[in-house]
Amino acid sequence: MNKNSARNYLNFSIGTKILLVFFFIFTLLVCTCSYHGFVTETDRIITAYSENIEQSETAIATAVTLVARGTMALSSIYDPAISDALDQMEIDYTAAAGEPENMDLSLLQATVQKDFPDEVELYIIDEHNVIIETTDIVHQGGDFSPYPAISERLTAIREGTAYVGDPWEQSVLDPGMVRKYAYLPTPDHRYILEIGLFNKQLADPGSLYFSFGDVTDDLKAVDHTIESILLIDTNGVVVERSPEELDAWYTHHPYLSADEISRMTAQVLRTGVSTEKVFPDQERLVHIFLIVYAAVVVYSTEALTASLADTLSRYALILICGLIFAAGVAYIVAYTLGRPVRMIAEDVDEIAQGNLAHEIRRTHGYELRRLEDSIRILVQRLGEDISEIAAQSRALDTELEEKTEVEKRLRDVNRKYSLLSTITRHDILNQLAVLGMYFDLLEELTDQCPELSDHIQKMEQTLKKIEDQLTFARDYESMGLEAPQFQSLTDVVKRAMTAIHAPYLRFTVETGRAEIHADPMLEKVFYNLFENAIRHGGGHLSEIKISFAGTFRETGHITVNDNGDGVATAKKEKIFQRGYGSNTGYGLFLVAEILAITGITIRECGREGKGARFEMDVPPVSWRISPEDN
């Protein structure tokens, strides 16, 4: 699509534009309100669901804490007797010189058994967390290292000095057994002395007043978002669930694995920071947090998902109805406002086609009537202005013809003047050549008349000055005859170097791809600068460097510096004046004049005795960098 077709495509009528503007405004308003309402309602639903979870977990924490405290209170009854038994076990360990194999655990078991109504078992655990000696023959050699949480706890107990007692809990090595365990590290921290107490009543959770299972069942009955609850103690053992019940639990939740639950609960038990995982496909949320135990709660998000979907559908319907309403209102407004404007546009088109007598039709509305009256006045004035413009056009045509004739005559006069100047300058140079021949003949007479030598030399110098002045007149006349143009600075400098014929000089050109907008005589500028350096630089002149530097859209800088004698401070401003200098006095004056045609300035900034340095400032519009492919 080209530019004109795109412009025509977008050239809608004012009615269409009004329709689009109002529809866009109403659409934006409806979308904003719908989005705000949807976000607010969604936040409310999610917040309510989150608050319900917080309330449920508060209830779980309260109930579990109460049950745990009841169990611990029941368990603490046996702590004094267990502590005494462990003290006796430590005495036997010391008597055996710290060697467990020298201890008679069976005799010690019989000694302490009288203090307990039920069975007591004794254990000794080494630094590898392995049971090396025990009265419980079934668990001889039991290894706790596969259980990271228990291993870390046992290591901490062995390295400590205090008695540690557990509540009634399931055995790690025998989950079907409920016991109370207590631990005491040996003084040399090589072993842990452990006692396990069995209780028939506690072995059956259903016979207790304090049951975690009853609490969790009651909470699930009250809060239907709770699907199931697991309690895991500090040893990583699930509380009050048999292996068969635990297998059934994982079967009911196939998206959860025992390894994943173990890893997450171990992290919560270790750090105390809760964690959760969402299963969108199953519409389930698993949250694990720390109470006395690690609580694994599985929530159903089906009700939340249904509420969010219902909210989305409701607000989508509101949005569609709002857009339909917006389109209707925009159409009515566009028709009401666009029809009078369209009528005026049709009348103006008719007038624009040249029918100035066409009448503007009346429409409704104060502003539009003012517009109609203004158009009528404008058409009337337009007719008058057209007549006046036609008269002025005829006068301008006459004036242009006269101006063209004057310019033609001026060009003829300039051409004749240039021709006359060229012929005259040529004839004068021919006469000077003849005079030069006579001077050659007169020089042969100086031997006979030595007093004529000074006069002949002065006459020869005078002829040379006349010739230089004619050359300057020719160059000055050539200035401005052709329009300035962009020229490669490097090419211009190299042509001037070739014309100077100074093989003993070393030129360094660092002008890059710079192009300068200047008079075609720009080459003459550098030629005169090089010639000036040779003429006044002294016998040690050996190098001339030409460089260019500039930033885009800023003033550029051309520098020509040499290693000659330089210019005296008092002469820096005078050397560009016409006629100043020891030679003709026109070289640097001509340089400044050629550069000034395109606004380029020149100054001398060198140090006397260190070499001359001419700096030229080029306006931003008078230089550019040519593309690399040029």
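In what follows, every heavy atom counts, from backbone to side chain, and hydrogens, waters and symmetry copies are set aside.
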Give a yes or no on whether the backbone of [Y] and the side-chain of [X] come within a donor-acceptor separation of less than 3.5 Å.
X	Y	answer
Glu127	Tyr191	no
His557	Val618	no
Thr555	Asp617	no
Thr301	Leu304	no
Arg513	Ser626	yes

Any salt bridge between [X] and [Y], counting N to O under 4.0 Å?
X	Y	result
Arg314	Asp310	yes
Asp126	Arg158	no
Arg270	Glu152	no

For the residue pair [X] and [Y], establish whether any side-chain heavy-atom pair is separated by less than 4.5 Å.
X	Y	result
Cys31	Leu319	yes
Leu108	Tyr93	no
Ile131	Asp136	no
Arg153	Val164	yes

Using side chain to side chain donor-acceptor pair (under 3.5 Å) as the criterion, list what pairs up with Gln55, not counting sequence neighbours.
none
For the residue pair Tyr181 and Tyr123, categorise the inter-ring angle as parallel (less than 30°), tilted (30 to 60°) or perpendicular (more than 60°).
tilted
Could you note down all residue pairs passing salt bridge (Lys or Arg N to Asp or Glu O under 4.0 Å) where residues 22-31 supplies at least one of them, sequence neighbours left out?
none
Using a cut-off of 6.0 Å, state whether more than 12 heavy atoms not belonging to Tyr250 lie near its atom OH.
yes
Going by distance alone, is a donor N or O of one side chain under 3.5 Å from an acceptor N or O of the other, for Asp188 and Thr186?
yes
Work out which heavy atom in Pro185 is nearest to a heavy atom in Gly160; give both atom names and the distance.
CG-O, 3.3 Å
So, using side chain to side chain contact (heavy atoms under 4.5 Å, CB included) as the criterion, who are the partners of [X] when residues are at least two apart?
X	result
Ser50	Ile46
Gln109	Glu121, Leu122, Thr135
Ser262	none
His36	Thr40

Just to verify, what does [X] make a ring pair (Phe, Tyr, Trp, His ring centres under 6.0 Å) with, not counting sequence neighbours?
X	value
Phe486	His517
Phe289	His287
Phe279	Tyr255
Phe548	Trp623

Could you walk me through whether Met103 and Ile124 satisfy the side chain to side chain contact (heavy atoms under 4.5 Å, CB included) test, starting with their C-alpha distance in whole Å, then the side-chain angles of each, then the deciding distance to 0.1 Å, before giving a yes or no?
CA-CA 10 Å; Met103 296 174 63; Ile124 299 179; 3.8 Å; yes
N/O donor-acceptor pairs under 3.5 Å from side chains in residues 80-92, not counting sequence neighbours:
residue : atom : partner : partner atom : Å
Gln88   : NE2  : Asp92   : OD1          : 3.4

Could you tell me which residues satisfy salt bridge (Lys or Arg N to Asp or Glu O under 4.0 Å) with Arg44, sequence neighbours excluded, listed by chain and number?
Glu41
